[in-house]
**Q** 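Pasting in a structure now, in structure tokens, and then I'll have a few things to ask.
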Protein chains: 2
Amino acid sequence: MGDYIRTPISDLERFVVEVMKKLDVPEEDAKIVADVLIRADKRGVESHGVARLRRYINGLKNGLMNPHPDIKIVKETPVSMLVDGDAGLGMVVTYKTMKRCIEKAKESYMCFAAIRNSNHYGIAGYYSLMALEAGMIGFSVTNAAPLVVPTFGKDAVLGTNPISFAVPAKNEKPFVLDMATSTVPRGKLEVYNRMGKKIPLSWATDETGNPTDDAARVLENLKERKGGGLLPLGGGEEETGGHKGYGLAMLVDILSGVFSGGAYGLNVYGTKNAPPNVCHFVGAIRPDTFVDEDELKEGMDGLIRMLKNAPKREGKDRIYIHGEKEFEKEEQNTETVPLYIKVYEDLKSIGEEFGINPPEEA
Amino acid sequence: MGDYIRTPISDLERFVVEVMKKLDVPEEDAKIVADVLIRADKRGVESHGVARLRRYINGLKNGLMNPHPDIKIVKETPVSMLVDGDAGLGMVVTYKTMKRCIEKAKESYMCFAAIRNSNHYGIAGYYSLMALEAGMIGFSVTNAAPLVVPTFGKDAVLGTNPISFAVPAKNEKPFVLDMATSTVPRGKLEVYNRMGKKIPLSWATDETGNPTDDAARVLENLKERKGGGLLPLGGGEEETGGHKGYGLAMLVDILSGVFSGGAYGLNVYGTKNAPPNVCHFVGAIRPDTFVDEDELKEGMDGLIRMLKNAPKREGKDRIYIHGEKEFEKEEQNTETVPLYIKVYEDLKSIGEEFGINPPEEA
């Protein structure tokens, strides 16, 4: 993990809430932002944790994120909602929508919501976990800034467009898929770049659209919009299934951007000095919609055990279920969470800027 | 394509229907089987076309496929069905379920069905296309015989578990994703093996669970159940995202096998001389559930054009949308379809066996 300190979760929450309140975010909403960010840190997804706080601060400061959004249900059926987020913070817009989705699904067995005009919503898994914690099955996808190159394309058109799906089990931990539809996120290139390590050819393309092992070149090109970008899951060639990852990324953009009537592809963050119009699609399903709840959970236990108990590859001693590593991290991070020194220093400078005590070291 | 002949579609239909009727399949159901298989041939997915007819013949002959299934809706809500296929032909069970799903979705905006105790249902895309042709959005996934190795596993546990999702556009062709969640299907290894060509390391593992470039070895191991198998989309390593393809394959098995209370993982085709208990999950969504239908279709056109018009990679002149290649094939195959000589010879021998005239050469 590199050099890090630990901070008490309660004090980190206090800090994020105070910062958000200074930026005119109501306390209730500030608490949602803190919970979404810190949940990522607890689950070991540091890239989407409080390390991102400055981005939200900047968004609120420059007016691209609205601290008092008038979140509107534009259209509603017993099993669906079309929501306009009024450029609110993605976490606030999506948390509130998912809450209502869960309530509606209790009545109607399932409910899905397409959300437009929102902002970056943190980890996709937060919202499917919300459903799980309410005793439901959860679904969550979002579009994002264009970083991913379609198969045979030269430039990034789609986002890393993650998919999360969460299903409860009985005695086993739940299945919580939470995956970008690109082979890796941009952060992974930054890590390899710092280490001076070549990247696998299935990760990214250069400015001609050809796969490259040069992380620095890709990062520079993305920054300067010179072309190239991240590759979809499966890499740059049809031979290795890259068109499938591209299809999944497109599907996420259809559910998020097209179903909601919001922005998709290059139109997400497409207009300078205007809200980015990030779009999401979330849903909840009652666990007794098909078989009974108990049968569903026993089936999940059966499948999970079948996979975990299957013979291991030479040199490996464990087969993981999706979400398992993150739940284990959460069990280690119940009172305090680790923060990279660099992130902690940034929080301290944010504290100074706003006249707020930084989070304590634990 | 290799050596092939063309046969009139109407005569190929006549042939498949006659064969099915000889095996006691009612004419109405025989027509469904013919339509599903021939649609695959028309769309250029020969691996799932009439080339598979013998497998269905064998299934009916040995009693593992039931020509007169009592297809039962075990449980029903306005937006869902739990269906028991009574070991019927997968195409018949799923066609009838999808028909009803579409009718229910017209009333309730969406409907999803989990189907257990079925058989191989052909191309996943057939059922999402059914929704499309009824003016809806379609979804279709299925589990399958275990051929795919989970990340860090040694042996195949999951099927190639395909995902299909179809969304209508306005002036552009619809988006029809139809993809196995493995990097490639087994048939692709057979092709490389015949050519004596090494396979990419993201396709399959050997009997130790390590990635291999030796197609013959993988095919032999799968046949003899010696270990190893196909790799999920993303390959064998977390570094290249293999755990994501594994997660998608598992998700498909959850929707199909667990949601339906049927078989999953190794239990699909798990009991010798018993029906394989293949499970599916299909659904239909009204295109006016979120934005209005026209806005949805215009959004689809916009996203499709944005992708198709994006700058191309060096040496490439076209970016494809999912389903586009298959629609172009269908346009070439309106009156006749191509059949490999080997497949045609097999149909002729089936004809002899049943005393039925083989399909004519066009």
Side-chain angles (χ1 to χ4, degrees), chain A residues 75 77 79-80 82 108-110 114 150-155 157 165 167 175 177 179 183-184 200 202 208-210 233-234 239-241 243-245 247 250-251 253-254 257-261 264-266 289-291 295-296 299-300 302-303 306-307 310-314 316 318-320 322, chain B residues 75 77 79-80 82 108-110 114 150-155 157 165 167 175 177 179 183-184 200 202 208-210 227 233-234 239-241 243-245 247 250-251 253-254 257-261 264-266 289-291 295-296 299-300 303 306-307 310-314 316 318-320 322:
Chain A
K75 187 175 166 186
T77 81
V79 290
S80 67
L82 171 61
S108 313
Y109 285 93
M110 59 185 73
T151 309
F152 302 157
K154 187 181 82 63
D155 298 339
V157 179
F165 202 97
V167 186
F175 169 81
L177 187 67
M179 54 171 265
T183 304
V184 291
S202 62
T208 68
N210 286 309
L233 178 61
E239 192 180 45
T240 53
H243 57 300
K244 298 183 180 187
M250 185 169 171
L251 173 57
D253 216 351
I254 290 169
V258 177
F259 276 27
S260 73
Y264 47 74
L266 297 168
T289 304
F290 302 97
V291 289
E295 193 178 351
L296 176 91
M300 288 301 296
L303 177 58
M306 182 186 283
L307 284 158
K312 312 300 179 288
R313 172 178 170 182
E314 210 174 60
K316 298 287 177 187
R318 195 166 164 188
I319 293 171
Y320 290 89
H322 303 79
Chain B
K75 186 174 166 187
T77 81
V79 291
S80 68
L82 170 62
S108 313
Y109 284 93
M110 60 185 71
T151 310
F152 303 156
K154 187 181 84 62
D155 297 340
V157 180
F165 202 96
V167 187
F175 169 81
L177 186 68
M179 53 170 266
T183 304
V184 291
S202 62
T208 69
N210 286 309
L233 178 61
E239 192 181 45
T240 53
H243 58 300
K244 298 183 180 188
M250 185 168 171
L251 173 57
D253 216 351
I254 291 170
V258 178
F259 277 28
S260 74
Y264 47 73
L266 297 168
T289 304
F290 302 98
V291 289
E295 193 178 352
L296 175 91
M300 287 302 296
L303 176 58
M306 182 186 281
L307 284 158
K312 312 301 178 287
R313 171 177 170 182
E314 211 174 59
K316 299 287 178 188
R318 195 168 166 189
I319 293 171
Y320 291 90
H322 304 79

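Quick note on labels: first sequence line is chain A, next is B, and so on, each numbered from 1.
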**Q** Looking at B:Gly227, B:Gly234, B:Ala114, B:Gly153, which has the largest count of heavy-atom pairs under 4.5 Å with chain A?
**A**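 Among B:Gly227, B:Gly234, B:Ala114, B:Gly153, the one with the most close pairs to chain A is B:Gly153.
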**Q** Residues two or more places apart in sequence or in another chain: which of them pass side-chain contact (heavy atoms from CB on, under 4.5 Å) with A:Lys244?
**A** B:Met179, B:Ala180, B:Leu233
**Q** For chain A, which candidate among B:His243, B:Arg318, B:Glu239 shows the most heavy-atom pairs at distances under 4.5 Å?
**A**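 Going by pairs under 4.5 Å, I would pick B:Glu239.
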**Q** Given that the side chain runs from C-beta out, which part of A:Lys312 has a heavy atom under 4.5 Å from chain B: side chain, backbone, both or neither?
**A**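 For A:Lys312, heavy atoms of backbone and side chain both lie under 4.5 Å from chain B.
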**Q** Heavy-atom distance under 4.5 Å to chain A: side chain of B:Val79, backbone, both or neither?
**A**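 The answer is both parts of B:Val79.
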**Q** Under a 4.5 Å cutoff for heavy-atom pairs, which residue among A:Val291, A:Val157, A:Thr289 has the most contacts with chain B?
**A**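 Maximum pair count with chain B is reached by A:Val291.
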**Q** With rounding to the nearest 0.5 Å, note down the distance linking CG in B:Leu307 to CE in A:Met250.
**A** 5.5 Å
**Q** Based on non-hydrogen pairs under 4.5 Å, which of B:Leu303, B:Thr208, B:Asn210, B:Thr240 is most in contact with chain A?
**A**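 The residue among B:Leu303, B:Thr208, B:Asn210, B:Thr240 with the greatest pair count is B:Leu303.
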**Q** Yes or no on side-chain contact (heavy atoms from CB on, under 4.5 Å) for B:Val258 and A:Phe290, after CA distance, side-chain angles and deciding distance?
**A** CA-CA 9 Å; B:Val258 178; A:Phe290 302 97; over 6 Å; no
**Q** Side chain, backbone, both or neither: which part of B:Ser260 has an atom under 4.5 Å from a heavy atom of chain A?
**A** backbone
**Q** Can you name the closest pair of heavy atoms from B:Met110 and A:Ser80 and give their distance?
**A**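 Of all heavy-atom pairs spanning B:Met110 and A:Ser80, the closest is CE-CB, 4.5 Å.
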**Q** Examine whether an atom of A:Leu296 lies under 4.5 Å from a heavy atom of chain B, and if so say whether it belongs to the side chain, the backbone or both; otherwise answer neither.
**A**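 For A:Leu296, the contact with chain B is made by backbone and side chain together.
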**Q** Does any heavy atom of chain A fall under 4.5 Å from the side chain of B:Pro311, the backbone, both, or neither of them?
**A** both
**Q** Looking at chain A, which one of B:Met300, B:Arg313, B:Lys154 has the largest number of heavy-atom pairs inside 4.5 Å, strictly under?
**A**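 Most heavy-atom pairs under 4.5 Å with chain A: B:Arg313.
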**Q** Identify, with sequence neighbours excluded, every residue that meets side-chain contact (heavy atoms from CB on, under 4.5 Å) alongside A:Val184.
**A**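 Listed in chain order: A:Lys188, A:Leu189, A:Trp203.
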**Q** Which answer fits A:Thr183, side chain, backbone, both or neither, if we ask what part of it has an atom under 4.5 Å from a heavy atom of chain B?
**A** both
**Q** For B:Leu251, which atoms come within 4.5 Å of any heavy atom of chain A: side chain, backbone, both, or neither?
**A**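 The answer is both parts of B:Leu251.
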**Q** Answer with side chain, backbone, both or neither: which region of A:Lys316 has an atom nearer than 4.5 Å to a non-hydrogen atom of chain B?
**A** side chain
**Q** Let's test your reading of the structure: which of A:Gly245, A:Gly257, A:Gly261 forms the most heavy-atom pairs below 4.5 Å with chain B?
**A**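 Among A:Gly245, A:Gly257, A:Gly261, the one with the most close pairs to chain B is A:Gly261.
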**Q** When A:Phe259 is tested against each of A:Leu82, A:Ile254, A:Asp253 for side chain to side chain contact (heavy atoms under 4.5 Å, CB included), which residue passes?
**A** A:Ile254
**Q** Taking side chain as everything from C-beta outward and backbone as N, CA, C, O, which of these in B:Tyr264 sits under 4.5 Å from a heavy atom of chain A? Side chain, backbone, both or neither.
**A** both
